[in-house]
Each structure stands twice: as structure tokens, then as C-alpha cells.
Amino acid sequence: MLRLGLCCLFQQAPIKFRSTTATYLKKLDRPGQLARVSQLCLDNSNTLVTALDEVHQLGFGSFRVMSPLFPIFTHPQVGYQLDELPHAAQIRANLATVKLRKEQYGLRLSFHPDQFTLLSSPRPEVTAASLQELTYQAQLAEMIGADVINIHGGGVYGDKAAALLRLEQQITALPEPIRSRLTLENDDISYTVADLLPLCTKLSIPLVYDAHHHRCNPDGLSIADATEACVQTWRQVGREPYFHISSPKYGWQNKPRPHADFIDSADFPAEWLTLNATVDVEAKAKELAILRLQQDLLLPAWKAQGEADD
DNA sequence: GCATGTCAAGTTGTG
DNA sequence: CACAACTTGACATGC
């Protein structure tokens with residue numbers, strides 16, 4: 001059965017995650033900074049419980065957790081550790097509740113670090129910052145039971161083979177909590193499915209297949225080929241395949257990269273419909289887009305195993 | 001109150 | 001060469 005996943009935010013449901021800026025925190029003394037971020041982390045951990053309830057209620061099977069759940073956690077000047085926070089115990093308790101809900105509802109949880117997190121850069125400081133961010137997200141993933149931390153290949157730097165080699169070396173050296181969750185996704189500019197596949201196969205790193213990126217940045221593989229290749233990388237680690245779908249905001253003609261509010265069901269690969277897989281829906285109308293897609297594709301609401309049928 | 005400019009980070013391609 | 005595009009919204013500030 002296919003499960004559709006919501007990415008980070010809601011459009012209609014009144015569920016909002018809080019944030020702050022480094023500029024603001026720098027005006028406070030250290031205890032002031034910690035008091036501020038502690039409150040934000042506490043609020044966000046409560047909101048995450050609510051978010052899972054809502055995702056379940058809506059009949060979705062997956063949720064992508066926003067990277068700044070703990071705002072500005074890895075910032076070099078104003079970053080912090082969970083145990084420095086006055087509300088650390090309550091925050092941990094809330095995240096344990098999230099994990100419990102995830103299991104009750106049969107949900108899948110994931111992380112998608114943003115474009116600053118990449119393992120192919122020739123610059124050591126970029127790689128070091130990326131490792132910091134991955135360490136943070138793996139720590140969260142461990143606490144809430146998320147099985148995926150998904151990143152892109154990063155930059156090419158004029159030599160894709162050399163960049164891929166750096167990527168391979170960095171992945172090989174990752175600590176287990178990151179390595180066991182790390183996935184690679186084809187992007188819309190640099191790395192295609194065909195580029196990433198050899199590395200994914202060699203290192204047993206699953207490949208997240210984004211059909212929209214594939215259409216923006218083709219590699220000669222058909223959608224059916226890329227789907228099959230992706231499924232293989234998940235099968236080799238005994239886990240459920242993972243896809244991304246979105247529709248272009250301005251049509252496929254000029255600049256197809258920006259995402260539309262909703263998904264045109266014609267863009268949804270028919271090959272996916274019969275699989276047991278997760279599909280993150282990247283659409284600006286968020287849960288409204290998933291509900292509409294569910295209807296358009298005649299997909300049933302997601303249910304945990306053993307959950308009553310009404 | 002409400003409008004508005006600003007927000008940590010990397011890389012690529014555009015204008 | 002600067003700037004937008006990448007999941008974009010929410011915060012802090014100043015009127």
C-alpha cells in the first residue's frame with residue numbers, strides 16, 4: 001500500500017512551529033539565550049505531538065520533520081545542547097510521546113536537511129558544519145524514531161567524479177546513527193539517479209527518487225527504470241522505498257523548478273501506485289494538496305496495522 | 001495593533 | 001557581478 005507524506009508544515013490546520021534568529025539571540029546574555037531557545041524547543045516538541053495527531057487524523061502515512069525543530073541548534077556562536085536547556089526533561093518526554101504516537105499510528109518519520117548540508121564539498125569547514133547538522137538531526141531522529149535523513153549530492157565543483165569520490169569517503173566515515181539513516185536524493189541541477197546509483201549500491205545507501213527533479217534534470221533513464229533502481233536500493237537494506245512528487249508551478253515549459261500549490265495527478269508516476277512505498281508530497285497547499293491527490297488517485301486513507309476499520 | 005524587512009549556513013545558473 | 005532559487009514562513013522591530 002502507498003503512503004502519502006506531509007512535508008513539515010500545514011496550510012489549514014492551526015499548527016505552527018516557532019523559530020528565532022541568531023541576530024536576536026546575540027543581543028541576549030547566555031542564560032537569556034538558553035531560556036529563549038528552551039521555550040521554543042518545548043513549544044515545538046508539543047506542536048510535533050499535535051502534528052502527528054493531525055497527520056493521522058487526515059489519513060496520511062508519513063511526516064517530514066522540519067530541520068529547525070530545535071531552532072538554530074548547530075549555530076557556531078549561539079548553538080546549544082539539549083541538556084543545557086531548562087526544559088530539557090519535558091522536551092525529552094514530549095519527544096518520547098512523539099515516538100509512541102508514531103508507533104501507534106504506524107507512521108514513518110523523516111528528516112531532510114537543507115541545501116547547506118552536503119558531503120561532497122572540497123572545503124573542510126563546509127563538511128564539518130554538515131557533520132554537525134547531521135549529528136543533530138540523527139539525535140532527534142533517534143529520539144522520535146525517524147528512519148530517514150535525506151540529503152542531496154551537493155555541488156559538482158567542475159569535476160563530478162572527484163566530488164562523488166569525496167561523497168563516498170565522507171559517507172564511509174559517518175558514525176552509525178547517521179549512516180544507518182542517511183539517504184541520497186537525485187536533485188534538479190547536478191546529481192541524477194544514474195549519477196548516484198553506483199554509490200548507493202556500493203555503500204548500501206538507499207536512494208530517494210524525486211520524479212520532479214528527474215524531469216528537470218534527466219539522465220536517460222525512464223521513470224519506470226528510475227523507480228525500479230530506487231526500489232532495488234531500498235530492497236537491499238530491507239526497507240520501504242521512498243519517493244518525492246511535486247508539480248511545476250509555471251508548467252513544464254520555461255522554469256519548471258518552483259513547486260505548485262497542488263499535484264497534477266498526471267505527474268504522478270503510475271508505476272508507484274501498486275508499490276508498498278512512501279511518497280512525500282511537496283506541494284505548497286500542504287495537507288490540502290495531499291487530500292486532493294488521495295481523491296484523484298482513489299487512494300485509501302493510511303491506517304496502522306490492526307487499526308479498526310471505521 | 002499592524003506593516004514590513006530580515007533571517008547561519010552552499011552552490012549553481014541567471015540577469 | 002549580484003542575486004535568486006532551492007520546502008517558506010515567522011519573528012522582531014518600528015511606526
Side-chain angles (χ1 to χ4, degrees), chain A residues 5-28 32-33 36-37 39-40 43-44 47 51 62-80 110-137 149-160 163 166-167 170 185-192 208 210 212-213 216-217 244-250 254-263 279-290:
Chain A
L6 178 68
C7 300
C8 308
L9 305 171
F10 296 79
Q11 171 152 117
Q12 193 167 70
I15 296 174
K16 300 288 174 201
F17 291 94
R18 303 183 61 196
S19 66
T20 187
T21 63
T23 312
Y24 171 69
L25 289 179
K26 282 176 185 169
K27 294 175 192 161
L28 308 175
Q33 292 174 358
R36 178 66 179 182
V37 292
Q39 189 61 52
L40 296 176
D43 288 356
N44 284 351
T47 302
S62 182
F63 184 64
R64 182 191 299 176
V65 181
M66 53 171 6
S67 297
L69 186 78
F70 290 177
I72 222 132
F73 189 85
T74 58
H75 189 280
Q77 281 101 53
V78 296
Y80 51 95
S110 72
F111 286 88
H112 194 359
D114 56 32
Q115 64 270 30
F116 310 109
T117 303
L118 66 167
L119 296 175
S120 60
S121 178
R123 298 165 55 200
E125 69 274 23
V126 172
T127 304
S130 296
L131 289 171
Q132 282 259 90
E133 184 68 22
L134 288 169
T135 302
Y136 150 66
Q137 299 209 14
I149 300 175
N150 178 46
I151 63 171
H152 294 288
V156 170
Y157 316 92
D159 185 345
K160 194 178 269 184
R166 285 193 297 272
L167 179 58
Q170 289 302 327
E185 177 192 347
N186 63 303
D187 66 71
D188 49 5
I189 301 182
S190 303
Y191 292 94
T192 63
V208 172
D210 186 313
H212 181 79
H213 290 162
C216 294
N217 184 20
H244 290 177
I245 188 67
S246 48
S247 282
K249 182 167 186 162
Y250 308 112
N254 346 304
K255 299 176 68 69
R257 289 175 61 197
H259 291 170
D261 291 347
F262 291 89
I263 305 298
V279 182
D280 275 0
V281 177
E282 298 183 330
K284 299 200 180 178
K286 295 295 168 189
E287 77 272 28
L288 304 181
I290 304 184

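Note on naming: letters A, B, ... go to the chains in the order of the sequence lines (proteins, then strands), and numbering restarts at 1 for each one. Computed from a predicted structure; not experimentally measured.
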Does A/K16 make a side-chain N or O approach to OP1 or OP2 of C/dA10 shorter than 4.0 Å?
yes
Test your reading of the model: is there a side-chain donor-acceptor pair from A/S120 to the backbone of A/G153, 3.5 Å cut-off?
yes
Just the rounded figure in Å: distance from P of B/dA8 to OH of A/Y136.
15 Å
When you measure from the side chain of A/S130 to the backbone N and O of A/L118, does any donor-acceptor pair fall under 3.5 Å?
yes
Each stem that DNA chain B is part of, given as range with range (3 or more consecutive Watson-Crick or G-U pairs, under 3.5 Å)
B:1-7 with C:9-15, B:10-15 with C:1-6
What is the distance, to the nearest angstrom, from the CG atom on A/L131 to the P atom on B/dG10?
14 Å
Would you verify whether the NZ or CZ of A/R166 falls within 45 degrees of the ring axis of A/Y157 while also being under 6.0 Å from that six-membered ring's centre?
yes
Supply the atom-to-atom distance A/H112 NE2 to A/Q137 CD, rounded to the nearest 0.5 angstrom.
10.0 Å
It should be established whether A/T20 places a side-chain nitrogen or oxygen under 4.0 Å from OP1 or OP2 of nucleotide C/dA12.
yes
Give a yes/no answer on whether the side chain of A/R18 brings an N or O atom under 4.0 Å of OP1 or OP2 in C/dA10.
no
Applying a 4.0 Å non-hydrogen cut-off, can you work out what A/V78 is touching in the nucleic acid: base, sugar-phosphate, or nothing?
nothing
Tell me the closest heavy-atom pair linking A/D187 and A/N217, and the distance in Å.
O-ND2, 3.2 Å
Taking only side-chain N and O atoms of A/S121, does any of them lie within less than 4.0 angstrom of OP1 or OP2 on B/dT11?
yes
Are the side chain of A/N186 and the backbone N or O of A/D210 linked by a donor-acceptor pair below 3.5 Å?
yes
Can a donor-acceptor pair be found between the side chains of A/Q132 and A/T74 at a distance below 3.5 Å?
no
Distance alone, cut at 3.5 Å: any donor-acceptor contact between the side chains of A/Q115 and A/H152?
no
Verify stack between A/F116 ring and B/dG10 base, 5.5 Å, 30 degrees
no
For DNA chain B, the residues among residues 62-71 of chain A that have a non-hydrogen atom under 4.0 Å from it
none
What nucleic acid atoms does A/K27 come within less than 4.0 Å of, heavy atoms only: base, sugar-phosphate, or nothing?
sugar-phosphate
For A/Y136 and A/S67, indicate whether the former's side chain and the latter's backbone hold a donor-acceptor pair under 3.5 Å.
yes
Would you say A/T117 places a side-chain N or O within less than 4.0 Å of OP1 or OP2 belonging to B/dG10?
no
